[in-house]
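A short worksheet on the structure shown next.
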Amino acid sequence: MHLPHSTLKQEFVKKWIMGLQRCKFSNNNMSIFERKKAIKLSADTAMASARKGLTCWSRALISNPDRPVPTTTRRASLACKKIVKRSRRIRRTAKCGAARKRQITRSIAQCLVRKRTQILKSLIPGGEFMNEVCLIEETLDYITSLRVQVDVMRSLASASVRASEPHN
């Protein structure tokens, strides 16, 4: 399932260049936001295509490239803070036996895991249809692919800066 890092980079660059060539950036009526969206879409599609449909997230991205960017992170962090506050309150007010405290702790942990899993499912393309084990595997592969994407984009940006600097 995993390609070597350098092979994945090469495949991504090849597919991304093809995708960027298909986009018509010469259009002067295109706003910065539209250009950014087109570049991101072509990069995501190229990365999914470089994975050759071997992963669920790549198939989900290819089948639905315009999927909205997840906005659950702020809401999720507030929910986590509420859970922590609630657990502190329960710890302070609970004057019952050790078994009851373990049950409360287990319940809080299960709630945290369930909420974090939902957040992760919303962040990974196609994640809402995966079980927990598959979700972890796909998340690791997706993070690796995003890392490759970032590395390539950084290389392009630094090459662009070097090319625009005056030569002495």
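Being a predicted model, the structure only gives us computed values, none of them experimental. Throughout, residue positions are numbered sequentially from 1 according to the sequence presented.
A salt bridge does not link Lys37 to Glu34: none of the charged nitrogens lies less than 4.0 Å from a carboxylate oxygen.
Taken together through direct or relayed side-chain contacts under 4.5 Å among Ile, Leu, Val, Met, Phe, Trp and Tyr, Leu146 and Phe12 form part of one hydrophobic cluster. Ile143 and Leu61 are assigned to two separate hydrophobic clusters, defined by single-linkage of ILVMFWY side chains at heavy-atom distances under 4.5 Å. Side-chain heavy atoms closer than 4.5 Å link hydrophobic residues (I, L, V, M, F, W, Y) into clusters, and following such links, possibly through other members, connects Tyr142 to Leu140.
When atom types are taken as modelled, the side chain of Ser107 and the backbone of Gln103 share no donor-acceptor pair closer than 3.5 angstrom. Between the side chain of Thr45 and the backbone N or O of Ser42, no donor-acceptor pair lies under 3.5 Å.
Atom CD of Glu128 is separated from atom CG of Leu123 by 10.5 Å, given to the nearest 0.5 angstrom. Between atom CD1 of residue Ile124 and atom CD1 of residue Ile119 there is a gap of 12.5 Å, rounded to the nearest 0.5 Å. Rounding to the nearest 0.5 Å gives a distance of 11.0 Å between NZ of Lys52 and CD1 of Ile62. How far CD1 of Ile136 is from CE of Met130: 11.0 Å, rounded to the nearest 0.5 Å. In this structure, OG1 in Thr117 is found 9.0 Å from CZ in Arg114, a value given to the nearest 0.5 Å.
Evaluation of the side chain to side chain contact (heavy atoms under 4.5 Å, CB included) rule for Lys40 yields Asp44, Gln149 as partners, not counting sequence neighbours. In terms of the side chain to side chain donor-acceptor pair (under 3.5 Å) criterion, Gln10 has no residue partners (sequence neighbours excluded). Every residue two or more places apart in sequence or in another chain that forms a side chain to side chain contact (heavy atoms under 4.5 Å, CB included) with Arg59 is listed here: Cys56. Applying the side chain to side chain contact (heavy atoms under 4.5 Å, CB included) rule to Met18 yields the partners Arg22; only residues at least two apart in sequence or on another chain are considered. Under the side chain to side chain contact (heavy atoms under 4.5 Å, CB included) criterion, Ser145 pairs with Leu8, Met47, Arg51, Trp57, Asp141, not counting sequence neighbours.
At least one side-chain heavy atom of Val150 sits under 4.5 Å from a side-chain heavy atom of Arg147.
Judged as a salt bridge (charged side-chain N to carboxylate O under 4.0 Å, His left out), not a single pair has a partner in residues 102-112 (not counting sequence neighbours).
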Result block: side-chain N/O donor-acceptor pairs under 3.5 angstrom for residues 152-159, not counting sequence neighbours:
| unit_1 | atom_1 | unit_2 | atom_2 | d |
| --- | --- | --- | --- | --- |
| Ser155 | OG | Asp151 | O | 3.0 |
| Ser158 | OG | Arg154 | O | 3.2 |
| Ser158 | OG | Ser155 | O | 3.1 |

